[in-house]
Visitor: 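Dumping the structure here so I can ask a few things about it.
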Amino acid sequence: MSKKLVLIDGNSIAYRAFFALPLLHNEKGIHTNAVYGFTMMLLKILEEEKPTHMLVAFDAGKTTFRHQTFSEYKGGRQKTPPELSEQFPFLRELLDAFQIPRYELENYEADDIIGTMSLQAEKEGYEVKVYSGDKDLTQLSSERTTVGITRKGITDIEVYTPEHIEEKYGLTPQQIIDMKGLMGDQSDNIPGVPGVGEKTAIKLLKEFHTVEELLQSIDQVSGKKLKEKLTEFKEQAIMSKELATILREAPVDVQIGDIQFKEYDKEKLIALFKELGFQSLLNKIDDPDEAAADDAVLEDIDFAMVEEIKEEILVCPSYFYVEVLEDNYHYADILGFSLVNEKGAFFISHSLALNSPIFKAWAEDETKKKIVYDAKRSEVVLRHHGIHLSGVSFDLLIASYLADPSETIEDIASIAKRYGVSDVQSDDVFYGKGAKRSVPEEKLLAPHLVRKALVLSQLEEKLQEELKSNHQLELFYDLEMPLSLILADMESQGVKVDRERLLAMGEELKGRLAQLEANIYSLAGETFNINSPKQLGVILFEKLGLPVIKKTKTGYSTSADVLEQLEQSHEIIAEILHFRQLGKLQSTYIEGLLKVVNSKTDKIHTIFNQTLTQTGRLSSTDPNLQNIPIRLEEGRKIRQAFVPSESGWVIFAADYSQIELRVLAHIAGDEKLIQAFKEGMDIHTKTAMEVFHVEKDEVTSNMRRHAKAVNFGIVYGISDYGLSQSLKITRKEAGNFITRYLESYPKVKDYMEDIVREAKQKGYVTTLLHRRRYLPEITSRNFNLKSFAERTAMNTPIQGSAADIIKKAMIDMAERLKTEGLQTRLLLQVHDELIFEAPPEEIEKLKLIVPEVMENAVELKVPLKVDYAYGPTWFDAK
DNA sequence: GGGCACACGC
DNA sequence: GACGTACGTGTGCCCG
């Protein structure tokens, strides 16, 4: 590994951070802005540079050897503000927690320590990075050393290489010293030569190279005044250069070997961050445990490689693990199986198992109970081998998700680690990640898989108990577990796609995009990449001079809401918006979908992630079939390509009307809201009447639009800021709307207050069917984190209960289709709607039973309402 | 390979 | 007063 040394000018960065940030302080009133900024910078450096060695240098005392040369060196400096001084002890603690060596040296400045260490490191072949807020340090720049100087703020850094210095000043890094010698430095009180500034200094150095050469050839200098000054302040120039020269041979008693950087002390760092109130940073720091766990030595385990499948080992209950490595399991191979039960622990190779009738019979036997990880995945892959997994009694993946949805589950090891079981490696470590991923030979693979089954055996009871104490057993056994089987069916079934239709739409789009492109180029007067926000920004805001409305971190914002505001200013804007719209359709929906169509069956098989969202909703990937366009007619046509898989069948779609607001009415028990739903009123109109205190026939379309946005905000838990953005009104006006909404529905207001109080007291909120979401940040002193947690507390029971209800409806629906003996198949779920394909003769029945089942999935204080439609394609089911 | 800007759905 | 404002997925660009 290449060696990289990072040297930081501690005092300088602390000063920069102090003045760049507002005077933040923690709850005890200790100022923290310099430490905060310093930490931000350290995290950035660690992430970007990944140094092998590191040192932070500090100035030691007031006087240095430079004061012997010039007693007024650094004279006239403002005293360090006490608000900054009080932060230095924390800065030292911070570095100790990061386990980054720090160093100061009597009589020398931080610069000299850095100059000395960088020279030593260069000689030993290190790559060196220096960070400071002081441009003087750029003189250290060389082939091996680059110098980063903070520009403004704290993490915006200008990098000085010799090339950059040449470009910027036309000088070499060494000449930076000469420049300082001539022009002086106000902040260090280095006098230089009066009347010589940066421009003159550079001009002189380009001609005479160094101060010494210049002073020997003063008579060749053009300009009488300049000559006089140079002659008069000759000595002062030499002294100034000397003062500005960073020492590269200070008596530093540190060897590079002593300042290796490995990792930070997480516990100390967390404790310190907590003390300082750095909430946001607590989430930012990586877990060094992971790295440690990677190298942890696993204890040997006892297991057998199964050579022949016999019934004796296939007893129940069994902890049964099926290994499939690919994310997309629809076309993936099974790598092997492991089994743990009272007969012992076993590895079974895929070829052995998949060719064994005994294995198949066991896997399909409902009465043979299996405890698994990710039943849906196991089920789908086994189906490709003609095996229908049955008798799954416990799915660790789902149990873990229900216990705490905020924990990201990568693989079985991530769950094991969370519950203190460490005898299994993560897949990233075992198989490698990215391009390095590979499957080892069976001998090595076997123990990894057996360890996973062992984890199942160790955690089943624990999770079971946790679910029980959370009152989630019903949610687990009667909702999510059965649902996973239904989802497996839906995924395996797939959705048929009319490829010809997609191809034809693609051809048409191609032509229109080409036209738009040509038109945009001609309006811009040049060609460029319209898909590049950066290039587009230059064209719009520099070349065409349109007003800059919003900026992003990296440049001009060219988002749709910005462009819409510019639409009247230039005709190119409308073209660009249209280009974007069609481009999105082409790349994501035409090309993207064509890529994932099974060429043999013309079907698309999505994967529903059942254990990801914080609210209990499903998500869909590979491809995402939950975001197929509908809002704009052009995009909606994509749905014409989604067709039934049997000829003559139809697509039948049913959706809940206003399910979230109905759930809100129920949970809050607000009479007005309940009444409105009972009477079948248009809820946005009703809200407009209440909020604007008008009669039904006085509600204008604008009033309804505003009311709709407020309802939307309630459903999704957006802030006054979010509402103000969507309605293009001020934050204050948005806040007013929300206040008036809550006055209109007083029980809703009570609910909002109660739920936040409850969340604070219990640490979590729950849904109708006891789904749980923890909200630790609700007690945060950080206003944003706290506000966010409060909105989440209000919103999750609403959105999560709606998710519970449709999941319940899916289960009831599957059951009903079976008992009615129907061929109709459920294909997709899109949060509040279910999409089926059905033979025409079943339509009349579906019209009755689909709404009936969905509307009666649960009983609320308000009726649930379901609308449905059907047609030859998904497009027509509207 | 990863971060960013953007856009689609609910 | 601020570290940033519903969630989740996918695409292309652009950097290293």
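So that the names make sense, note that chain A is the first sequence line, chain B the second, and so on, each numbered from 1. Values reported hereafter were calculated over all heavy atoms of this structure, with side chains retained and with hydrogens, waters and symmetry mates removed.
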Visitor: Using a heavy-atom cut-off of 4.0 Å to chain A, what are the terminal contacting nucleotides of DNA chain B, in 5' to 3' order?
Guide: B:dG1 to B:dC10
Visitor: Report yes if at least one side-chain N or O of A:Thr613 is closer than 4.0 Å to OP1 or OP2 of C:dG8; otherwise report no.
Guide: no
Visitor: Which part of the nucleic acid does A:Thr552 contact within heavy-atom distance under 4.0 Å: base, sugar-phosphate only, or nothing?
Guide: sugar-phosphate
Visitor: Under 4.0 Å, counting only non-hydrogen atoms across every strand here, what does A:Gln725 touch: a base, just sugar-phosphate, or nothing?
Guide: nothing
Visitor: Working note: A:Glu326 + A:Tyr331, criterion side chain to side chain donor-acceptor pair (under 3.5 Å); need CA distance, chi angles, decisive distance, verdict.
Guide: CA-CA 9 Å; A:Glu326 267 91 334; A:Tyr331 306 101; over 6 Å; no
Visitor: Applying a 4.0 Å non-hydrogen cut-off, can you work out what A:Arg631 is touching in the nucleic acid: base, sugar-phosphate, or nothing?
Guide: sugar-phosphate
Visitor: A:Arg771 side chain to A:Ala803 main-chain N or O, any donor-acceptor pair under 3.5 Å?
Guide: no
Visitor: With the sugar-phosphate defined as primed atoms, P, OP1 and OP2, and the base as all remaining atoms, what B/S/- string results for nucleotides 10-16 of chain C, 5' to 3', for protein heavy atoms under 4.0 Å?
Guide: BSSSSS-
Visitor: Base, sugar-phosphate, or nothing: which does A:Thr615 touch, judged by heavy atoms less than 4.0 Å apart?
Guide: nothing
Visitor: Which stems does DNA chain C form, counting runs of 3 or more consecutive Watson-Crick or G-U wobble pairs with both distances under 3.5 Å?
Guide: B:1-9 with C:7-15
Visitor: Salt bridge check: are A:Lys786 and A:Glu777 linked by an N-O gap of less than 4.0 Å?
Guide: no
Visitor: May I have the list of side-chain donor-acceptor pairs in residues 657-665 of chain A shorter than 3.5 Å, sequence neighbours left out?
Guide:
{"unit_1": "A:Gln658", "atom_1": "NE2", "unit_2": "A:His684", "atom_2": "NE2", "d": "3.4"}
{"unit_1": "A:Arg662", "atom_1": "NE", "unit_2": "A:Ser657", "atom_2": "O", "d": "2.8"}
{"unit_1": "A:Arg662", "atom_1": "NH1", "unit_2": "A:Pro863", "atom_2": "O", "d": "2.8"}

Visitor: Could you check whether the rings of A:Phe737 and A:His706 sit parallel, tilted or perpendicular, using 30° and 60° as the cut-offs?
Guide: tilted
Visitor: Expected output is a numbered-order residue list: members of residues 788-808 of chain A with a heavy atom under 4.0 Å from any atom of DNA chain C. What is it?
Guide: A:Phe788, A:Arg791
Visitor: Can you confirm if the NZ or CZ of A:Arg772 lies within 45° of the ring axis of A:Tyr764 and under 6.0 Å from the centre of its six-membered ring?
Guide: yes
Visitor: Suppose we screen for ring pair (Phe, Tyr, Trp, His ring centres under 6.0 Å). Which residues come up paired with A:Phe875, at least two apart in sequence or across chains?
Guide: none
Visitor: Assign A:Ser787 to base, sugar-phosphate, or nothing according to its heavy-atom contacts below 4.0 angstrom with the strands shown.
Guide: nothing
Visitor: Distance-only, no hydrogens or angles: does the A:Thr552 side chain make a donor-acceptor pair with backbone N or O of A:Gly555 under 3.5 Å?
Guide: yes
Visitor: Would you classify A:Leu585 as touching base, sugar-phosphate or nothing, given that sugar-phosphate means primed atoms plus P, OP1 and OP2, and contacts are heavy atoms under 4.0 Å?
Guide: nothing
